[in-house]
Amino acid sequence: MKKDIHPNYRDIVFWDLSSDDKFITRSTIQTNETIQWEDGKEYPVYKVEVSSKSHPFYTGKNVLVDTAGRVDKFRKRYGK
């Protein structure tokens with residue numbers, strides 16, 4: 001393989017902000033923040049709004065997750 005053309009594939013912590021769930025996996029996503037994991041090591045962290053722990057399809061709850069105000073913006077624009 002050619003050197004310096006592939007992204008850095010590493011362990012990273014994904015942090016679901018709506019359920020406060022954290023899980024570690026491997027990814028090429030770039031982030032500047034780090035977090036100390038349960039094993040004492042420090043890993044890069046990427047914050048997400050929705051994961052399988054908070055998504056209505058996976059949890060079985062029909063809860064509308066609207067952190068950006070998209071529904072309110074739609075209702076204001078097009079009426080009720």
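Since we're looking at a predicted model, the values are computed, not measured.
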Is it the case that atom CZ in Arg77 sees more than 12 heavy atoms from other parts of the structure closer than 6.0 Å? no

Should Lys22 and Glu38 count as an ion pair when the cut-off is N to O under 4.0 Å? no

With rounding to the nearest 0.5 Å, note down the distance linking CD1 in Ile29 to CG in Asn8. 12.5 Å

Expected output: side-chain Thr31 to main-chain Val45 donor-acceptor under 3.5 Å: yes

Applying side-chain hydrogen bond (donor to acceptor under 3.5 Å, both in side chains), run through Asp20 and Trp15 and close with a yes or a no. CA-CA 7 Å; Asp20 201 37; Trp15 184 357; 2.9 Å; yes

Has Arg10 got a side-chain atom pairing as donor or acceptor with Thr28's backbone, closer than 3.5 angstrom? no

Are Tyr43 and Ile12 close enough, and set up right, to give a side chain to side chain contact (heavy atoms under 4.5 Å, CB included), and what steps lead you there? CA-CA 6 Å; Tyr43 293 100; Ile12 189 166; over 6 Å; no

What verdict does the side chain to side chain contact (heavy atoms under 4.5 Å, CB included) test give for Tyr46 and Val13, after you've listed the backbone C-alpha separation in whole Å, the side-chain angles of each residue and the deciding distance to 0.1 Å? CA-CA 6 Å; Tyr46 187 75; Val13 175; over 6 Å; no

Mind checking the CG-CD spacing from Leu17 to Glu49? Nearest 0.5 Å is all I need. 7.0 Å

List the steps, then state whether side-chain hydrogen bond (donor to acceptor under 3.5 Å, both in side chains) holds for Asp16 with Ser18. CA-CA 6 Å; Asp16 182 356; Ser18 58; 2.9 Å; yes

Atom pair OG/OH of Ser27 and Tyr9 - distance to nearest 0.5 Å: 7.5 Å

So Glu42 and Trp37, side chain to side chain contact (heavy atoms under 4.5 Å, CB included) or not? Walk me through it. CA-CA 6 Å; Glu42 193 144 325; Trp37 191 246; over 6 Å; no

